[in-house]
Each structure stands twice: as structure tokens, then as C-alpha cells.
Amino acid sequence: QHPHKLIVMYLQQLNCKDNTRLVQAAWNYMNDGLRTSVFLRYSPEIIACACIFLSSRQLQIPLPEEPPWYEIFGAQFHQMEAICLEILSLYSRKPPKVSELDAILENARDKIQDERAKNKAIQSVNQKECGFSPNISRPGSPSGRNQDMGGRNQYRDQFNRRRRHGNDNDESDDERHRKKRKHRHRNRRVSSSRTSSSSPDNNKHRRE
């Protein structure tokens, strides 16, 4: 349960809910307590009692003491005293200077940038010594396979484009290859006819 709600509930049981000054003062101390570590070390009920106790002492508003009102809500005096002292210590601190905080931030940023620059330099030296370049992909890597596929697709697109639009050089090459085939075939026929005419059987028939 949140301590802010407990403040209103406890003051209602103490018949002090209509005292707006007391409610507001306890609420303000509760907000200031968020800047301390009391919420990590004490329960919400004890913190609410400490804020009510501190605000009643500041405004000089008496609260029941026999029995002590805070014992009804499960709080002890030494616990409330520790919480009140820690909240009051906030008001004795010197406010930090903005210029000093800016200087600290600038120094921290410079250190981070220097560390990054050193790491980049070390990585580049190691890559040069090992002969490794991050821009060159290995043949078996996915990026290398993608590059190979990209080159194959490019050549295939060029071939399809030539076939689609037609190319005079390609047609002349086809004609040249076709003529060479015809010439080879003709030479084979001539050579086969010559060999058949010069065979011994043919010579016998001619003698007869």
C-alpha cells in the first residue's frame, strides 16, 4: 500500500483529517522522502507515521501520547526518529552547481569517446595483422554466396536482354558458326567419297 494514502487514513483515525496544513505538511515530507533511501529500509506504515510525526512537531499540533498514537499503527519511536533525521538532512545539503555538473558530464563524455577511439584503433591494427577485412566476405559465408548469386543473376539478365531485343553481333556470330558447320560437313562428305573411290574393291571393278 502506498504511504501517501496511509497518511490520509491515519489522520482520519486521529480526527485530524480536516486540518489541511497538517495533511499538506505530511504529504510534502513524504515527497521529499522519495529522494532518500527510507523507502528501501522501512515499511510504508512506518514512513507514514514518521511524516505525520515530523509535520505535527513542525506545526506544534499535539497528538495522543497515552498510549502513543504511532504504536497503534505498528511503528516504533526509534524508527520514526531515524526516518525524520534522514529527511531533514536533505535541507542541510548544499545545492549542486550546474556548471560543476556540466563539467563532470563533459569529462565523462570525453573519456567515453577516447575509449571508443582506442578500441577502434586496436581493432584496425589486429585486422591488418591477421589479414582480415570486414568488407571482404568469405566464399562460404552467406554474404559471399549472395555476392556470387548477384553476379550470376546479372550475367543471366544480360543474356536474356540480348535474346529479347536482338543483337547484330550475336546474329553474325550465329551465322558464322552455321557456315563453319556446313563447311565441315561438306569436307567430310568429300573425304568419305574419296576414300570409297580409292578402295581396292572399286579398283577391281574398274579393271573388269
Side-chain angles (χ1 to χ4, degrees), residues 1-127 130 132-135 137-138 141-146:
Q1 195 171 3
H2 205 274
H4 287 82
K5 296 180 180 179
L6 294 175
I7 289 175
V8 179
M9 187 187 302
Y10 290 171
L11 290 176
Q12 185 178 4
Q13 294 180 5
L14 295 172
N15 296 325
C16 298
K17 184 180 179 181
D18 297 333
N19 193 335
T20 57
R21 292 179 61 195
L22 182 61
V23 175
Q24 188 62 48
W27 197 279
N28 293 338
Y29 283 127
M30 179 69 67
N31 291 334
D32 293 339
L34 294 172
R35 300 170 57 189
T36 64
S37 62
V38 295
F39 285 89
L40 301 176
R41 297 184 286 118
Y42 299 98
S43 63
E45 293 79 8
I46 298 173
I47 297 172
C49 292
C51 293
I52 294 172
F53 177 81
L54 188 59
S55 59
S56 64
R57 289 295 182 90
Q58 179 190 7
L59 299 174
Q60 298 181 357
I61 297 175
L63 294 176
E65 295 182 358
E66 291 182 2
W69 62 271
Y70 47 83
E71 291 183 357
I72 299 174
F73 305 118
Q76 300 294 327
F77 181 79
H78 67 276
Q79 295 173 336
M80 293 192 307
E81 185 179 13
I83 294 171
C84 292
L85 291 174
E86 189 163 356
I87 293 174
L88 291 174
S89 65
L90 292 173
Y91 310 123
S92 61
R93 295 179 184 175
K94 294 181 179 180
K97 295 182 180 180
V98 179
S99 59
E100 294 179 355
L101 294 177
D102 292 338
I104 294 172
L105 289 175
E106 288 296 331
N107 292 331
R109 290 171 184 170
D110 294 338
K111 289 181 180 179
I112 293 172
Q113 292 178 357
D114 293 339
E115 290 294 332
R116 289 178 179 175
K118 290 179 181 179
N119 292 332
K120 287 182 180 179
I122 293 171
Q123 289 178 0
S124 63
V125 170
N126 293 334
Q127 290 173 1
C130 298
F132 172 75
S133 177
N135 297 325
S137 301
R138 295 182 179 178
S141 63
S143 59
R145 289 195 296 270
N146 293 333

Original post:
Which pair of non-hydrogen atoms, one from Trp27 and one from Val8, has the smallest distance, and what is that distance?
Top reply: CZ3-CG2, 4.1 Å

Subject >> Modelled atom types, side-chain donor and acceptor of Gln58 and Tyr29, under 3.5 Å >> reply: yes

Original post:
Can you tell me how far CG of Leu63 sits from SG of Cys49, rounded to the nearest 0.5 angstrom?
Top reply: 10.5 Å

**OP:** May I ask you to check whether over 12 heavy atoms, not counting those of Asp114, lie within 6.0 Å of atom CG?
**Re:** yes

Subject >> Pairs touching residues 49-68 that satisfy ring pair (Phe, Tyr, Trp, His ring centres under 6.0 Å), sequence neighbours left out >> reply: Phe53-Phe77

Original post:
How far apart are the closest heavy atoms of Ile83 and Ala50, and which atoms are they?
Top reply: CG2-CB, 3.6 Å

Subject >> Interatomic spacing from CG in Asn107 to CD1 in Ile112 - rounded to 0.5 Å >> reply: 11.0 Å

Subject >> Stepwise side chain to side chain contact (heavy atoms under 4.5 Å, CB included) check, His4 with Asn31 >> reply: CA-CA 9 Å; His4 287 82; Asn31 291 334; 2.8 Å; yes

**OP:** Decide yes or no on side chain to side chain contact (heavy atoms under 4.5 Å, CB included) for Met30 and Phe39, but give the supporting numbers first.
**Re:** CA-CA 10 Å; Met30 179 69 67; Phe39 285 89; 3.5 Å; yes

Subject >> Main-chain N/O of Pro68 paired with Glu71 side-chain donor or acceptor, under 3.5 Å >> reply: no

Original post:
What heavy-atom pair brings Ala25 and Leu59 nearest, and what distance separates the two atoms?
Top reply: CB-CD1, 4.2 Å

Subject >> Partners meeting side chain to side chain contact (heavy atoms under 4.5 Å, CB included) with Ile104 (sequence neighbours left out) >> reply: none

Original post:
Measuring from Arg35:CZ to Ile87:CD1, what's the distance to the nearest 0.5 Å?
Top reply: 11.5 Å

Original post:
Hey, what do you get for CG (Asp32) to CD (Glu86), rounding to the nearest 0.5 Å?
Top reply: 12.5 Å

Subject >> Closest non-hydrogen atom pair, Cys51 against Ala26 >> reply: CB-O, 3.6 Å

Original post:
Roughly how far, to the nearest 0.5 Å, is the OG atom of Ser55 from the CD1 atom of Ile7?
Top reply: 7.5 Å

**OP:** Using only heavy-atom distances, determine whether the side chains of Asn119 and Gln123 contain a donor-acceptor pair under 3.5 Å.
**Re:** no

Subject >> For Tyr10, ring-ring contact (aromatic ring centres under 6.0 Å, His included) partners two or more places apart >> reply: Phe73

Subject >> Nearest atoms (heavy-atom pairs only) where Gly74 meets Ile46 >> reply: O-CG1, 4.3 Å

Original post:
With a cut-off of 6.0 Å (strictly less than), are more than 12 heavy atoms of other residues, nucleotides or ligands near CZ of Arg21?
Top reply: no

Original post:
Step by step, would you call Glu45 with Leu6 a side chain to side chain contact (heavy atoms under 4.5 Å, CB included)?
Top reply: CA-CA 7 Å; Glu45 293 79 8; Leu6 294 175; 4.0 Å; yes

Subject >> Distance, nearest 0.5 Å, that separates CG of Leu11 from OG1 of Thr20 >> reply: 11.5 Å

